[in-house]
Visitor: 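Handing you this structure, nothing more for now.
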Amino acid sequence: MIVTRFAPSPTGFLHIGGLRTALFSWLLARKNGGKFLLRIEDTDQARNSEDAMQAILQAFDWVGMDYDGEALYQSKRFDIYQQYIDQLLNEGKAYKCYMSKEELDALREEQMAQKIRPHYDRRYRDFTGTPPAGVDPVIRIKAPLEGVISFEDGVKGEINIAASEVDDFIIARSDGVPTYNFVVAIDDALMGITDVIRGDDHLYNTPKQIVIYQALGFDLPRFNHVAMINNEQGKKLSKRDGATDVMEYKAQGFLPEALLNFLVRLGWSHGDQEIFSIQEMMELFDPKDINKSASSYNLDKLLWLNSHYIKECNNARLIRQLQDFGINLQDDSKRDIILKATKERAKTLVDLSHQIRLLIESPQKYDDKALKKAYKEGTVSILNDFIGVLKSEDPQSKETFHDLLQNFVAQKEIGFGKIAQPLRLALMGELSGAGLDEIMEIVGRDEVVKRIENLISHAS
RNA sequence: GACCCUUUCAUCUAGUGGCCAAGGAUGUUGCGUUUUCAACGCAGACACAGAGGUUCAAAUCCUCUAAGGGUCGCCA
């Protein structure tokens, strides 16, 4: 059975890079009827927060990703890690190192000055003398002294790291708290993880973790290291690039399926296909199709996907989503024609709510440029005449509004634009938007009249 | 500095020696449709990082160079 995991450290919100690796892991598990587990890497007590944890869970919930069983907290597993530390110590596979932080720093600086890779010099590896007094030792693992540590990465292929590149790294700090690479290896093994999918910034941790696996006699999982997501300039994605927090996308009016579709196509592909439902992603996802190279974030494409999914979205759901943006169409008898007129032209829910607001509320202001362009001398009399027609007739449907308009321009012998542009301005405050017939049907005759009168009094 | 990874249109990508004078998508340009904007349809521009090999044949294999990224913590 395939078992995958997502292992965030709760030090901040869930960012889109994290969501993508989580998505890949989740898809792989769900595709194979396996398990997707959540593990919280909270061994660094100082930097963790419950808020961050909640934010991550909330993001999972929003995109609709679920995990199996209870989330595992590393902070509650210290006794387990301690057992393995004792075991390695007893077996002589790990040892106590009494070097102080200051000594270590000095050594590092010296090595840097010599332009060699900083390395612990293993001075306590075979130490048998009397330890210095008053020093709490750290525990270090005995890494291999020679040879090559190799593994087959599911994305990158065969990776070989010389043993000389992996020093006897610390597995427990002087206060006894175990370190990251140690607990990750143990937990992945104990949780039965078969496939690790993570960012390739962890590539260098893998040989270290392999050292742990081997010392403890655990079977190795398959490793898949996914390249990073860069910003639109091709640089590392950072907070200053705007939305990196998953929940920020919700606030900006993105549909979760659009974000997931966008992310799944960043570094992964299936032929020429661009649109993937969650179901299709599950069926088609395969880590072997993950790209080796980093990809850049591209807002335009996300926007395109979002507008696609807004168009696809059924009205009932859209109406529910719109409530978060201050639009309540639940009891609006015209909700279907309102959405029909607007959802095709919206890129986000924020967009959509703006367009709907223009329909259901009188214009609060008129676009200056539009006013200049559409409101000329002669406009007043045309608009007044049109009000007269509206009052004498009582159009209801968009067809009758349509005929009314056509007859009006025919009778007055004017171009359509002479009435259409000012009318649009009166109704919406701007010159873009849905068809006039549709707008008037939605707005209703009386309100149309009112809006025209408003424009006239505003312009005079 | 050392080690590791990466490199196809502006961007996401297809491509595993002949089907590639490189395909799809976003964006962009033009046209059509529309009173307008969008959506939609059609058409166009835009790429194999460079240099050497290997081969009848190379985007694909090899070597070197260059550029970008990652890692070198008692952080995760």
Side-chain angles (χ1 to χ4, degrees), chain A residues 7-11 41-44 46-48 74 97 99-101 104-105 108 111-119 136-140 153 155-157 159-162 164-167 169-181 183-184 199-207 225 227-228 230 232 234-236 262 265-275 289 291-305 307-308 311 342-347 351 355 370 373-374 405 409 415-421 423-425 428 430-436:
Chain A
S9 52
T11 52
E41 315 229 309
D42 55 350
T43 53
D44 185 359
R47 284 172 48 192
N48 296 319
Q74 290 187 322
C97 169
M99 202 169 171
S100 69
K101 281 184 192 172
L104 208 48
D105 288 343
R108 199 171 291 134
Q111 288 167 329
M112 290 287 259
Q114 287 174 34
K115 304 198 182 228
I116 57 172
R117 185 183 166 89
H119 250 108
D136 290 327
V138 298
I139 314 293
R140 288 180 180 273
D153 189 277
V155 176
K156 309 260 186 194
I159 305 287
N160 300 300
I161 311 277
S164 58
E165 294 297 318
V166 179
D167 62 5
F169 60 95
I170 292 170
I171 58 173
R173 305 172 174 93
S174 48
D175 62 3
V177 178
T179 58
Y180 173 76
N181 283 115
V183 298
V184 166
D200 73 357
D201 48 342
H202 286 286
L203 199 58
Y204 244 83
N205 287 323
T206 308
H225 288 96
M228 305 276 92
N230 293 329
E232 301 197 68
K235 299 290 178 193
K236 191 176 175 177
F262 173 69
R265 281 287 289 102
L266 236 37
W268 177 83
S269 61
H270 184 261
D272 287 339
Q273 189 169 346
E274 294 290 346
I275 304 291
D289 297 322
N291 255 241
K292 293 177 200 289
S293 54
S295 36
S296 293
Y297 176 90
N298 178 206
L299 183 62
D300 281 330
K301 191 154 187 181
L302 208 208
L303 250 11
W304 171 71
L305 282 164
S307 63
H308 169 83
K311 270 177 265 177
T342 51
K343 78 192 219 183
E344 255 192 2
R345 32 174 55 80
K347 286 199 187 307
D351 231 23
Q355 290 180 37
K373 192 174 165 197
L405 265 175
V409 293
F416 203 27
K418 287 259 193 280
I419 175 70
Q421 296 283 69
L423 187 54
R424 180 175 291 284
L425 183 65
M428 313 280 283
E430 48 190 59
L431 294 180
S432 61
L436 280 173

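Side chains are part of it too, since the values below use all heavy atoms of this structure and drop only hydrogens, waters and symmetry mates. Chain letters run A, B, ... following the sequence lines, proteins first and then strands; every chain starts at 1.
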Visitor: Does a distance-only test, which skips hydrogens and angles, find a donor-acceptor pair under 3.5 Å between the side chain of Tyr204(A) and the base of C3(B)?
Guide: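 It does, because a donor-acceptor pair links the side chain of Tyr204(A) to the base of C3(B) below 3.5 Å.
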Visitor: Between U55(B) and G32(B), how many Å separate the two C1' atoms, rounded to a whole number?
Guide: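 My reading of the C1' atoms in U55(B) and G32(B) gives 50 Å.
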Visitor: Of the options U6(B), A39(B), A25(B), whose atoms approach the side-chain atoms of Lys301(A) most closely?
Guide: A25(B)
Visitor: Select one nucleotide: of U6(B), C74(B), C12(B), the one nearest the side-chain heavy atoms of Ser295(A).
Guide: C12(B)
Visitor: How long is the line joining CE of Met112(A) and P of C3(B), in whole Å?
Guide: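 For the pair Met112(A) CE and C3(B) P, the rounded distance is 14 Å.
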Visitor: Of the candidate nucleotides U26(B), A39(B), C3(B), which contains the atom at the shortest distance from the side chain of Trp304(A)?
Guide: U26(B)
Visitor: With respect to His225(A), which candidate in Val155(A), Asp200(A), Ile159(A), Asp201(A) satisfies the side-chain contact (heavy atoms from CB on, under 4.5 Å) definition?
Guide: Asp200(A)
Visitor: Please classify the nucleic acid contact of Leu405(A) as base, sugar-phosphate, or nothing, using heavy-atom distances under 4.0 Å.
Guide: nothing
Visitor: What's Glu344(A) touching, base or sugar-phosphate or nothing? Going by heavy atoms closer than 4.0 Å.
Guide: base
Visitor: For a quick check, tell me whether the side chain of Gln114(A) and the base of G1(B) share a donor-acceptor pair closer than 3.5 Å.
Guide: no
Visitor: Under 4.0 Å between a side-chain N/O of Arg140(A) and OP1 or OP2 of G73(B), yes or no?
Guide: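 Answer is no, no contact under 4.0 Å.
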Visitor: With a 4.0 Å cut-off on heavy atoms, is Leu203(A) in touch with a base, just the backbone sugar-phosphate, or nothing at all?
Guide: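 Sugar-phosphate, backbone atoms only, no base.
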Visitor: Please tell me which of Glu165(A) and Gln421(A) maps to the more 5' nucleotide of RNA chain B, matching each residue to the nucleotide holding its nearest heavy atom.
Guide: Glu165(A)
Visitor: Looking at the base of C74(B), is there any donor atom on it, or on the side chain of Lys101(A), that sits under 3.5 Å from an acceptor on the other one?
Guide: no
Visitor: Counting any heavy atom closer than 4.0 Å, what does Met99(A) reach on the DNA or RNA strands: base, sugar-phosphate only, or nothing?
Guide: base
Visitor: Closest to the Arg117(A) side chain: A76(B), A2(B), C74(B)?
Guide: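 Of the candidates, A2(B) comes closest.
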Visitor: Heavy atoms from C-beta onward define the side chain here; which of U35(B), C5(B), C40(B) lies closest to that of Lys311(A)?
Guide: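 Minimum distance to the Lys311(A) side chain belongs to C40(B).
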Visitor: Heavy atoms only, 4.0 Å cut-off, all strands: where does Asn205(A) land among base, sugar-phosphate and nothing?
Guide: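 Result for Asn205(A) = base.
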Visitor: Base of U35(B), side chain of Arg424(A) - is there a donor-acceptor contact under 3.5 Å?
Guide: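 Answer is yes: a donor-acceptor pair is held.
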Visitor: When the P atoms of C62(B) and U54(B) are compared, how many Å lie between them, rounded to an integer?
Guide: 15 Å
Visitor: So what does Gly417(A) hit on the nucleic acid, given a heavy-atom distance under 4.0 Å: a base, only sugar-phosphate, or nothing?
Guide: nothing
Visitor: Quick check: on RNA chain B, is the nucleotide nearest Gly267(A) upstream (toward 5') of the one nearest Lys292(A), or the reverse? Name the residue that is more 5'.
Guide: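 On the 5' side of the pair lies Lys292(A).
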Visitor: Between U35(B), C12(B), A14(B), which nucleotide has the shortest distance from any of its atoms to the side chain of Ser296(A)?
Guide: C12(B)
Visitor: Would you say Arg265(A) places a side-chain N or O within less than 4.0 Å of OP1 or OP2 belonging to A25(B)?
Guide: no
Visitor: Within the 4.0 Å heavy-atom criterion, would you say Lys418(A) contacts the bases, only the backbone, or no part of the nucleic acid?
Guide: nothing
Visitor: Would you tell me if any nitrogen or oxygen in the side chain of Ser432(A) comes within less than 4.0 Å of OP1 or OP2 on U36(B)?
Guide: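 No, no such contact exists.
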Visitor: Roughly how far apart, to the nearest Å, are G24(B) and U63(B) at atom P?
Guide: 34 Å
Visitor: Gly435(A) near the nucleic acid: base, sugar-phosphate alone, or nothing, with a heavy-atom cut-off under 4.0 Å?
Guide: base
Visitor: Of all the choices, U71(B), C5(B), A76(B), which nucleotide is nearest to the side chain of Lys156(A) once you look at every atom?
Guide: C5(B)
Visitor: Expressed in whole Å, how much space separates the C1' atoms belonging to U6(B) and C48(B)?
Guide: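 Pairwise C1' distance, U6(B) against C48(B), rounds to 15 Å.
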Visitor: Looking only at the side chain of Tyr180(A) (C-beta and beyond, no hydrogens), which of the listed nucleotides C40(B), U13(B), A76(B) gets closest?
Guide: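 When the side chain of Tyr180(A) is considered, A76(B) is the closest of C40(B), U13(B), A76(B).
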Visitor: Does any donor-acceptor pair link the side chain of Asp272(A) with the base of G23(B) at a separation under 3.5 Å?
Guide: yes
Visitor: Using atom P of each nucleotide, how far apart are A39(B) and A25(B) to the nearest Å?
Guide: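 Pairwise P distance, A39(B) against A25(B), rounds to 15 Å.
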Visitor: Regarding Glu274(A), tell me which of base, sugar-phosphate or nothing describes its non-hydrogen contacts under 4.0 Å with the strands shown.
Guide: base
Visitor: U13(B) and A51(B): how far apart are their P atoms, nearest whole angstrom?
Guide: 25 Å
Visitor: Closest approach to the side chain of Ala420(A), judged atom by atom: which nucleotide of U35(B), G1(B), C37(B) is it?
Guide: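 Closest nucleotide among those given: U35(B).
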Visitor: Looking at C72(B), which nucleotide sits across from it as a Watson-Crick or G-U wobble partner, both distances under 3.5 angstrom, or is there none?
Guide: G1(B)
Visitor: I'd like the C1' distance from C20(B) over to G1(B), given in whole Å.
Guide: 43 Å
Visitor: For Ala227(A), report the nucleic acid contact type (base, sugar-phosphate, nothing); a contact means any heavy atom under 4.0 Å.
Guide: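 Result for Ala227(A) = nothing.
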Visitor: Would you kindly check whether a donor in the side chain of Thr179(A) faces an acceptor in the base of C74(B), or vice versa, at under 3.5 angstrom?
Guide: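 No pair found.
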Visitor: Parallel, tilted or perpendicular, judged at 30° and 60°: which one describes the rings of Trp304(A) and His308(A)?
Guide: tilted
Visitor: Looking at C5(B), I'd like to know if its phosphate oxygens (OP1 or OP2) sit under 4.0 Å from a side-chain N or O belonging to Ser293(A).
Guide: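 The answer is no; no side-chain N or O of Ser293(A) sits under 4.0 Å from OP1 or OP2.
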Visitor: Can you tell which of C74(B), U35(B), U26(B) lies closest to the side chain of Ser174(A)?
Guide: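 It is C74(B).
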